[in-house]
There are 2 protein chains.
Amino acid sequence: MNIVPADLRSSFSLPPGKAVEICHKLEAAILQHRLRPGMKLAEDEVGDTFGVSRTVARTALQALAHGGLVTIERNRGAFVSRPTIREAHEVFEARALIEPRIARMAARNMTPDGLAVLQHHIDAEHEITERGDMGLALSQSGAFHLAIAEIADQAVLTQILHTLISRSSLIIALYWRRRDTSCESHSHHALLKAFAARNESAAEEIMKSHMVDLHSGLDLVERGDSEPSLADVFGRIDL
Amino acid sequence: MNIVPADLRSSFSLPPGKAVEICHKLEAAILQHRLRPGMKLAEDEVGDTFGVSRTVARTALQALAHGGLVTIERNRGAFVSRPTIREAHEVFEARALIEPRIARMAARNMTPDGLAVLQHHIDAEHEITERGDMGLALSQSGAFHLAIAEIADQAVLTQILHTLISRSSLIIALYWRRRDTSCESHSHHALLKAFAARNESAAEEIMKSHMVDLHSGLDLVERGDSEPSLADVFGRIDL
DNA sequence: AACGTCAATATCGTATACAATCCGTGTTCA
DNA sequence: TGAACACGGATTGTATACGATATTGACGTT
């Protein structure tokens with residue numbers, strides 16, 4: 001079976017030509033945690049991988065950098081971003097501000113078609129979760145939130161939310177502590193129910209608490225080093 | 001005297017090297033309405049103007065495109081964006097959602113230094129308004145709002161607000177109908193007072209109504225043509 | 001053995017060159 | 001006269017080439 005999350009379509013200002021596709025592919029890979037935070041994305045390597053020149057690869061990387069998924073350091077190159085704990089808090093606070101409003105608007109605009117789309121997302125998410133592909137499930141979850149924004153029909157907020165959700169994915173890759181995503185699934189069902197009833201206040205409230213849940217599901221406490229120590233990566237070695 | 005609005009510093013993902021400066025200069029020019037919405041920004045022209053190659057000019061334009069100030073059409077080039085009426089509403093609704101929250105946070109964090117910075121902005125704005133340079137005054141007003149966000153110390157929201165304010169400037173260039181900016185000035189003073197008192201709720205409320213004022217100061221009704229007619233530009237000629 | 005210096009290499013920043021696309025003009029034909 | 005077409009100029013899309021900068025490893029010194 002071939003369930004792929006509706007790709008989190010990149011912003012309004014599309015980079016020209018081939019760069020768009022590369023953007024989307026890199027974005028998908030990052031969102032699914034196939035490219036982990038901190039990984040180097042060398043221009044030559046990206047270019048070779050996708051069969052384009054460095055120019056195009058560069059354009060794609062710069063576009064991703066504007067979305068916050070990639071960090072470019074001068075004369076050093078591009079890396080998959082590693083959000084700080086501070087930034088993690090800010091991103092989820094921003095989502096907690098924006099998404100309840102979006103949910104309310106979506107509830108107001110909801111149509112049978114919209115409901116069907118959301119239901120489809122939930123089904124896909126469920127099936128992926130069964131298969132245990134955590135990265136894909138997360139990506140799918142993001143697509144669900146974004147679909148709501150599209151139904152709300154607010155291009156500006158949708159664009160903003162898109163970048164926030166992308167960054168959330170990185171944050172979760174770094175700081176998620178729970179094993180299960182049942183809370184996620186439960187909230188999404190509850191949201192769908194509110195949407196079906198076109199209950200604006202309920203949708204807003206559920207989304208608000210969903211945001212709190214997500215935020216509190218993170219393990220955002222300062223570790224010894226801000227950079228992950230070698231021991232974190234390889235485990236401690238007794239000499 | 002040399003009062004220049006603290007430049008609305010571009011996002012986190014700085015384009016490399018010289019492109020940053022070009023970005024800032026173009027941004028300033030657009031925000032001050034020296035480059036009007038719809039104007040063509042040819043890569044060669046930009047490059048020649050700033051003494052760099054097309055490559056760098058291109059990078060700068062793409063960066064501005066990500067901020068929404070510039071629109072790039074494939075194979076046609078870059079233009080100063082012309083926000084639609086729809087987008088205008090969305091931008092100001094988004095600001096109305098975000099800025100009151102930012103004002104509240106700023107009030108909470110306010111320090112004597114912060115107050116001094118804001119006071120400085122207000123003074124500058126006042127002086128510029130006296131001189132009658134509408135574009136510069138507007139740019140200065142944006143800088144004031146952004147300064148609040150920086151005091152609120154929320155990088156993520158500040159970044160978002162930055163793009164919203166930039167776009168607001170374009171919107172105002174297209175749709176502003178009032179002659180005066182006294183309401184602007186009044187609101188800013190009121191905000192400063194709330195900040196001085198560290199009155200969070202007052203700051204939030206004043207900002208909220210300030211947003212409503214700004215939004216309602218726009219003339220957002222459909223005109224006959226979306227494109228400005230020649231008559232609009234040259235005046236009507238009786239044959 | 002540890003540290004600092006220096007060269008080699010890899011990667012990025014910028015400039016230039018070529019290919020593809022679009023737009024306006026002028027011509028041709030109905 | 002008007003519409004369709006073809007051509008030429010201009011501008012963007014992409015590739016490549018060269019210069020600048022940072023990192024890595026070797027070497028010599030303390």
Side-chain angles (χ1 to χ4, degrees), chain A residues 10-26 35 37-82 227-228 230 233 239, chain B residues 10-26 35-82 226-230 233:
Chain A
S10 257
S11 33
F12 42 86
S13 87
L14 320 174
K18 304 182 185 175
V20 206
E21 307 169 23
I22 299 176
C23 264
H24 287 157
K25 284 176 180 164
L26 285 176
L35 292 171
M39 275 192 179
K40 177 79 189 282
L41 300 173
E43 295 177 356
D44 271 323
E45 198 182 339
V46 174
D48 292 348
T49 303
F50 294 100
V52 296
S53 81
R54 210 155 66 80
T55 311
V56 178
R58 198 178 165 76
T59 301
L61 290 172
Q62 286 173 348
L64 290 174
H66 281 111
L69 246 57
V70 156
T71 300
I72 295 176
E73 296 177 30
R74 165 134 193 168
N75 277 320
R76 293 199 6 96
F79 305 82
V80 179
S81 295
R82 303 185 83 263
E227 289 293 297
L230 274 178
V233 177
L239 297 179
Chain B
S10 257
S11 29
F12 41 87
S13 86
L14 320 175
K18 304 181 186 177
V20 206
E21 304 170 26
I22 298 177
C23 264
H24 287 155
K25 284 176 180 163
L26 285 177
L35 293 170
R36 306 259 323 162
M39 276 193 179
K40 178 79 190 283
L41 299 173
E43 295 177 355
D44 269 325
E45 199 183 337
V46 173
D48 291 349
T49 303
F50 295 101
V52 296
S53 82
R54 211 157 63 82
T55 312
V56 178
R58 199 178 163 76
T59 301
L61 290 172
Q62 287 173 348
L64 290 173
H66 281 110
L69 247 57
V70 156
T71 301
I72 295 176
E73 296 177 30
R74 164 135 193 163
N75 278 321
R76 292 198 6 97
F79 305 82
V80 179
S81 296
R82 302 185 84 261
S226 59
E227 289 294 297
S229 72
L230 272 180
V233 176

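Naming: A, B, ... by sequence-line order, numbering from 1 per chain.
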Would you kindly give the [atom1]-to-[atom2] distance between [X] and [N], to the nearest whole Å?
X: B:Lys18; N: C:dT14; atom1: NZ; atom2: C1'; answer: 7 Å
X: B:Gln62; N: C:dT14; atom1: CD; atom2: P; answer: 14 Å
X: A:Asp48; N: C:dA10; atom1: CG; atom2: P; answer: 14 Å
X: A:Leu61; N: C:dC12; atom1: CG; atom2: C1'; answer: 12 Å
X: B:Asp44; N: C:dC22; atom1: CG; atom2: P; answer: 19 Å

Check your understanding: Counting side-chain heavy atoms from C-beta on, which of C:dG13, C:dC22, C:dT11 comes nearest to A:Lys40?
Key -> C:dT11

Review point. So which nucleotide from C:dG13, C:dC12, C:dA15 ends up closest to the side chain of A:Arg58?
Key: C:dG13

Which pair of heavy atoms, one from [X] and one from [Y], lies closest together, and at what distance?
X: B:Ile72; Y: B:Ala65; result: CD1-CB, 3.8 Å
X: A:Ala78; Y: A:Val70; result: CB-CG1, 3.8 Å
X: B:Lys18; Y: A:Arg74; result: N-NH1, 4.5 Å
X: A:Thr71; Y: A:Ser81; result: OG1-OG, 2.7 Å

Counting only pairs under 3.5 Å, give me each side-chain donor-acceptor contact of residues 50-60 of chain B, with atom names and distances, residues two or more places apart or in other chains.
residue, atom, partner, partner atom, Å
B:Ser53, OG, B:Thr55, N, 3.2
B:Ser53, OG, B:Thr55, OG1, 3.4
B:Arg54, NH1, B:Glu43, OE1, 2.5
B:Arg58, NH1, B:Glu43, OE2, 2.5
B:Thr59, OG1, B:Thr55, O, 3.0

Exercise for review: Output, in order, the C-alpha distance, side-chain angles, deciding distance and verdict of side-chain contact (heavy atoms from CB on, under 4.5 Å) for A:Leu41 and A:Leu35.
Suggested key: CA-CA 9 Å; A:Leu41 300 173; A:Leu35 292 171; 4.2 Å; yes

Review point. Base, sugar-phosphate alone, or nothing: which one does B:Arg76 contact when heavy atoms must sit under 4.0 Å apart?
Key: sugar-phosphate

Revision key, fill the gap. Ranking B:Gly77 and A:Arg54 by the position along DNA chain D of their nearest nucleotide, the one closer to 5' is B:Gly77

Study note, to complete from the structure: Residue pair B:Glu43/B:Thr55 against DNA chain D: nearer the 5' end by closest nucleotide is B:Glu43

Check your understanding: Quick one: how far along DNA chain D does chain A reach, first to last nucleotide 5' to 3', anything under 4.0 Å to a heavy atom?
Key -> D:dG13 to D:dT23

